[in-house]
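Just so we're on the same page: letters track the sequence lines, and every chain starts at 1.
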Amino acid sequence: MRTSQLLICTLKETPADAEVISHQLMLRAGMIRKLAAGVYTWLPMGLRALRKVEQIVRDEMNRAGAQEVLMPAVQPAELWQESGRWEKYGPELLRIKDRHQRDFCFGPTHEEVITDLIRREIRSYKQLPANFYQIQTKFRDEIRPRFGVMRAREFLMKDAYSFHTDEASLDQTYRTMHETYCRIFSRCGLNFRPVQADTGSIGGEGSHEFHVLAQSGEDAIAFSDTSGYAANVELAEAIAPSTPRPAAADQMKSIATPNQHSIAEISAFLNVAPEQTLKTLLVKGVDNTVVALVVRGDHELNTIKAEKLEQIEKPFTFASADAIRAVANCDAGSLGPVGLKIPVIADRAAAHLANFVCGANQNGMHLTGVNWGRDVAEPVVADLRNVVEGDPSPDGNGKLQIQRGIEVGHIFKLGKKYSSAMNATCLDDGGRSVVMTMGCYGIGVSRVVASAIEQNHDDKGIVWPDAIAPFTAVLLPMNAHKSPRVAEATEKLYQDLIAAGIDVLLDDRKERAGVMFADMDLIGIPHRIVVGERGLDAGNVEYKHRRDAQSRDLPISSLVEYLTSAISTSRKA
RNA sequence: CGGGGCGUAGCGCAGCCUGGUAGCGCACCUCCUUGGGGUGGAGGUGGUCGGAGGUUCAAAUCCUCUCGCCCCGACCA
């Protein structure tokens, strides 16, 4: 393609509302434009990258034996009422009415539609297992769309649904999808990790998320420095200390701590380490009760873990300031477990402390030298906190490290949730009717594009991995309008590269060299070839990879061969 | 949905407090210049100041309402 036929709308200045680097660069490079909150147009340059990701996904899904379908974006309410999600899904489901006032929704996901299709079409175990996927636009009316296409309301997703007569078959497809996802993200040139994930409301069996590692990621993931263990911090178990609790040595004392509330203030004021203090949080319990949750001062409460406790009200909610006063007779900054007449649940690490500091349930006062079982009843113990860097890995091997990640994929053993609600059955080999078992497998295709940029950029712009770059190579002629030699040599190379199957862009705009360089650096095309009078005398062109600091001369005659091999090596890498 | 902020030319912003001619940089158009890292110069196009109502001789500016967007907390690919 030639730039004269391509909409190149690069921006020098960064639009004010773009917060993360991928959003800024996608706008600046002319890949996307916003139409409404969380709703974007993909311009030609952006669409090329999106299509490349899509093609890799399609390729690998087909390779794994999945079949492509395309389901409607608009779905009738009846199906959602049947599965029970018309009520449960909440305001995130975009509901619409047709001219006859019939209810529809714009699909945020397609379990209902696929299950409806399969229950009509699949009769026999002989037709299973089967895995169907589509690459399609979804709409989720997110509370807060942000970060450009990273968390848009309308986005492109690959979703797949598999059907089985038994668990073993589901396990097998699940493993195949796990491998397939690894292949997909590797081919996209991404640094990623599969991690164990929360199975949420569906519960049970198994779920993995695939995270692209990046500073701007919205999730924290924990992984072992020695084993393969990796899990979302939401889920990662904080295991109990292996040593016995130290003996009670100090006397409990009451100390005035005027205007000291936070753990940081208290530990500085009393000159004790935060890990020798306890933090007490009051939350809503079931049946209008209040429950005290206790974690070590240097730890953070994990509300997802807390919410799973039977004593805790769902959804998880902190107690109001008034409720705190009512049960503890003080404000939040002075809470402690001693003397509380409500259930106390302590994190494993908090329960392991001896001679600790905590609030005295009296404003401006704290207690030191406190011990469980002596000064206050032994608490109920549970895993309540977020793991922190250096914690032992739950699988017993090594220590945990924590990094931020962008969730680009999620695979899930659904089980019979939808198939039983919607009565999707088939006959097994004994002629008995069985409810099919399902798996589902998602990839945020548009999010993959953004996450690739988060991971691959510099101060000049995007640095695309070869496999998903909008163009693999770009030809920049220097002063082509004045030099017929340059124009001619460039044209010849352009034809040769096309013939060699390389996705090449020829910049035939009448722009100054600096403008071309700056635009192409911003857009991030990996392989750059500059054709100029200088090199031509020696039969050379200049080659530079977007990652290289310096360009180097290559004989024109060997360029096609050189590029072909450079591109295939980087594909492997 | 709660809390904070912003709507002035395609983009980035000033002007608003203290009402009186709508401005700057980039982009865009024309001409000259330059021609290997966003050349330099001259001239030019483009805005009912988000919308509605009000106060006033006079509103981008003050008041009320409304719409949109962005940022901080609960969702997810």
**Message:** If you only use heavy atoms from C-beta on, which nucleotide in B:G12, B:C76, B:C1 is closest to the side chain of A:Glu407?
**Reply:** B:C76
**Prompt:** Do A:Asp537 and A:Arg485 sit within salt-bridge range, that is, some charged N less than 4.0 Å from a carboxylate O?
**Reply:** yes
**Item:** Nucleotide nearest A:Ala513 when distance is taken to its side chain, options B:G12, B:C76, B:G36
**Value:** B:G36
**Asked** Which one of A:Arg183, A:Lys52, A:Arg187 satisfies the salt bridge (charged side-chain N to carboxylate O under 4.0 Å, His left out) criterion with A:Asp59?
**Response** A:Arg187
**Request:** Report which part of the nucleic acid A:Glu511 touches: base, sugar-phosphate, or nothing (heavy-atom distance under 4.0 Å, all strands).
**Result:** nothing
**Asked** Can you find a donor-acceptor N/O pair under 3.5 angstrom joining the side chain of A:Asn479 to the base of B:G36?
**Response** no
**Prompt:** Of the nucleotides B:C75, B:G12, B:A77, which one has an atom closest to the side chain of A:Glu13?
**Reply:** B:G12
**Message:** By a 5.5 angstrom centroid cut-off and a 30 degree plane limit, is there stacking between A:Phe517 and B:G38?
**Reply:** no
**Asked** Near A:Gln55 CD, under 6.0 Å, is it more than 12 heavy atoms from other residues, nucleotides or ligands?
**Response** yes
**Prompt:** Considering only side-chain heavy atoms of A:Asp17, which listed nucleotide, B:A77, B:C26, B:C69, is closest?
**Reply:** B:C69
**Request:** Determine whether any donor atom in the side chain of A:Arg528 lies under 3.5 Å from an acceptor atom in the base of B:G37, or the reverse, and answer yes or no.
**Result:** yes
**Fill in**
Of B:G35, B:G38, B:C11, the nucleotide closest to the side chain of A:Ala518 is B:G38
**Base partner of B:G53, which must satisfy Watson-Crick or wobble distances under 3.5 Å** = B:C63
**Request:** Just name whichever nucleotide pairs with B:U18, Watson-Crick or G-U, keeping both distances under 3.5 Å, else none.
**Result:** none
**Complement of B:G37, any strand, by Watson-Crick or G-U distances under 3.5 angstrom** = none
**Message:** Counting only side-chain heavy atoms from C-beta out, which of B:C69, B:G36, B:C13 sits nearest to A:Glu542?
**Reply:** B:G36
**Prompt:** Applying a 3.5 Å limit to both distances, which nucleotide forms a Watson-Crick or G-U wobble pair with B:G25?
**Reply:** B:C11
**Asked** Can we say A:Asp548 and A:Arg528 salt-bridge, meaning some charged N sits less than 4.0 Å from an Asp/Glu carboxylate O?
**Response** no
**Item:** A:Arg140 side-chain N/O to B:C76 phosphate OP1/OP2 under 4.0 Å
**Value:** no
**Asked** Counting any heavy atom closer than 4.0 Å, what does A:Asp159 reach on the DNA or RNA strands: base, sugar-phosphate only, or nothing?
**Response** nothing
**Message:** Check this for me, if you would: do A:Glu218 and A:Arg151 make a salt bridge, where the nitrogen-to-carboxylate-oxygen distance has to be below 4.0 angstrom?
**Reply:** yes
**Asked** Picking from B:G36, B:U39, B:G37, which would you name as closest to the side chain of A:Lys460?
**Response** B:G37
**Prompt:** Within the distance-only criterion (no hydrogens, no angle test), does the side chain of A:Gln196 pair as donor or acceptor with the backbone N or O of A:His208 below 3.5 angstrom?
**Reply:** no
**Whole-angstrom distance between B:A74 and B:A14, as gauged at atom C1'** = 38 Å
**Asked** Taking the C1' atom of each, how far is B:A9 from B:A22, in whole Å?
**Response** 11 Å
**Request:** Could you say whether A:Lys34 or A:Leu156 is positioned toward the 5' end of RNA chain B, judged by the nucleotide with the nearest heavy atom to each?
**Result:** A:Lys34
**Prompt:** NA contact type, A:Thr303, heavy-atom cut-off 4.0 Å: base, sugar-phosphate, or nothing?
**Reply:** nothing
**Request:** Quick one: label A:Gly532 by what it contacts on the DNA or RNA (base, sugar-phosphate, nothing), any heavy atom closer than 4.0 Å.
**Result:** base
**Which nucleotide in B:C70, B:C75, B:A77 has an atom nearest any side-chain atom of A:Arg447** = B:A77
**Request:** Identify whether any heavy atom of A:Ala152 sits under 4.0 Å from a base atom; if not, whether one sits that close to sugar-phosphate; answer base, sugar-phosphate or nothing.
**Result:** base
**Message:** Taking pairing as Watson-Crick or G-U wobble with both contacts under 3.5 Å, can you name the mate of B:C1, or confirm there isn't one?
**Reply:** B:G73
**Item:** Phosphate OP1/OP2 of B:G35: any A:Lys482 side-chain N/O under 4.0 Å
**Value:** no
**Prompt:** Between A:His110 and A:Lys138, do the side chains contain an N or O donor and an N or O acceptor separated by less than 3.5 Å?
**Reply:** yes
**Message:** Between A:Arg146 and B:C72, is there a contact of a side-chain N or O with OP1 or OP2 at under 4.0 Å?
**Reply:** yes
**Prompt:** Looking at B:G35, B:C76, B:G38, which one has an atom nearest to any side-chain atom of A:His481?
**Reply:** B:G35
**Request:** Between B:A77, B:A74, B:G36, spot the one nearest the side chain of A:Arg144, thanks.
**Result:** B:A74
**Request:** In whole angstrom, give the distance that lies between atom CZ of A:Arg85 and atom C1' of B:C76.
**Result:** 12 Å
